[in-house]
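Lettering of chains follows the sequences in order, A, B, ..., and the numbering in each one begins at 1.
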Protein chains: 2
Amino acid sequence: MSPPTPASQDTRTRILDAAARLFHEQGFNATGVSTILREAGVNPGSLYNLYPSKDALLAAVLERYTELLHPIVMAPVEAKASDPIERIFALLQQYRDWFSPLEFRLGCPIGNLALEVADSHPEIRPLIQQNFDGWSGYVERWLREAGDRLPRSLDRRQLASTVLTVMEGGLMQARSSRSAAAYDASVAQLRQYFDLLLARASGGGKHT
Amino acid sequence: MSPPTPASQDTRTRILDAAARLFHEQGFNATGVSTILREAGVNPGSLYNLYPSKDALLAAVLERYTELLHPIVMAPVEAKASDPIERIFALLQQYRDWFSPLEFRLGCPIGNLALEVADSHPEIRPLIQQNFDGWSGYVERWLREAGDRLPRSLDRRQLASTVLTVMEGGLMQARSSRSAAAYDASVAQLRQYFDLLLARASGGGKHT
DNA sequence: TTCATGGTTGAATGAACATTCAAGCATTGA
DNA sequence: TCAATGCTTGAATGTTCATTCAACCATGAA
């Protein structure tokens, strides 16, 4: 129970928590360092002792998201559903459950940053990429677990990427309309697609 | 050949052009008014004579996007493909052709703004919504034109919204990876879905 | 000619921005 | 007890931000 560098460790997490929350709520450019300092209860010198710049802090936040991907995002899904294909829809449902109480005011923390800083901050883009790869990597693994319930010719990686597309594209529209409709619509169509794929793999190779 | 308010008209379009381009390239928050002024070759007083604030300028840019939706985006697609379903994929192809030469550095001008300012600027959100509605409205109309080539039970509006989802979600990933792969993947999966829908509508009601 | 109108000029404003740094403090090992 | 180390303090820096405004100018009507 004795952390190696107690004060600094605590400061670090307080800063990371505040920064992550504010970047998510307001975006990167719209969040002032002074706000992060206030919310974290920390002075400028402490922050700049740990992170040389606001950009470096953003990088740290994104590394943290990568670390938290499994414990926060994927583990609950794996616990809720055991069937690999149902896990995919449980994942999509989880995002809905997270964001619909706030009327989709926030959106995906990674997706937001992707569009805001992807091409202005070259050192940040790979970290966003890494988060997306991790996310769709889980989906791709589940699709492989589904084995021959899906057509053999189906490109699992393509479909995994499409699941992420549905998540991000649906959330973007939900955010713009402050309603779940577009998100639900895209998920419903994805479900339809899965049903057709599953039927084709089990039922018949009627078409060619 | 004599415009009603020549100087002001010209100033207005120069400002709108510069603002639209810079918001697209750098984002709204990252674009300084001074940069817009420089690029438009205009002085602060002139801008603030036309638009009371930077936010109002953004609103004007988004209204302009709505006006340009048909002439710039939809008309070329309608010219290139006459089949309603092919128009959908021609539209998706057109975005690819626009953004792949720049290695997907820019992304969708509306989508970017959607995630950056949707919930910080209440007066802006409806204008983003309006653009999305217009876009998916065209797709929905094409889907209806396809008539019974698609299953009767299919929700045309849902699918139209999904096409937009594919476009935005795919572009977001393309932007993060600086590669067309994820965009192409999502479009390919959408095409598969359409093929299955078309087959089911023509071929058989084998499944229930 | 004179006045009114609408657009333009560009220096000035104050607030907010990210960042710095000299000074101080607590904890540790010697 | 001392020195060293690493973290914290918070006022200060210089820059950039969006916005203002008094003065100026071109145009057209009276």
key: B:F99 and B:Y183 aromatic centres sub-6.0 Å   = no

task = Report the distance from atom OH of B:Y48 to atom P of C:dT9, rounded to the nearest whole Å.
result = 16 Å

remark   = Atom CG of B:N49 and atom C1' of C:dG10 are separated, to the nearest Å, by 15 Å

ask   = Taking for each residue the nucleotide of DNA chain C bearing the nearest heavy atom, is the 5' side occupied by A:S34 or by A:P52?
value = A:S34

query = Do side-chain atoms of B:Q173 reach the backbone of A:S161 as a donor and acceptor pair under 3.5 angstrom?
reply = yes

query = Any donor and acceptor pair, going by atom type alone, linking the side chain of B:R175 with main-chain N or O of A:L115 inside 3.5 Å?
reply = yes

request  = Flag the pair A:E140 and A:R157 as a salt bridge only when some basic side-chain nitrogen lies within less than 4.0 angstrom of an acidic carboxylate oxygen.
outcome  = yes

inquiry  = Applying a 4.0 Å non-hydrogen cut-off, can you work out what B:G32 is touching in the nucleic acid: base, sugar-phosphate, or nothing?
reply    = sugar-phosphate

request  = Give the nucleotide from the list C:dG7, D:dT19, D:dA11 with an atom nearest to the side chain of A:P44.
outcome  = D:dA11

task = Report which part of the nucleic acid B:T35 touches: base, sugar-phosphate, or nothing (heavy-atom distance under 4.0 Å, all strands).
result = nothing

key: side-chain N/O A:N43 vs D:dT8 OP1/OP2, d < 4.0 Å   = no

key: Nearest-nucleotide pick for B:S46, side chain only, options being C:dT9, D:dT19, C:dT19   = C:dT9

key: B:T11 vs C:dT8: side-chain N/O to OP1/OP2 distance below 4.0 Å   = yes

inquiry  = Tell me the interatomic distance from A:I36, atom CD1, to C:dC17, atom P, rounded to whole angstroms.
reply    = 10 Å

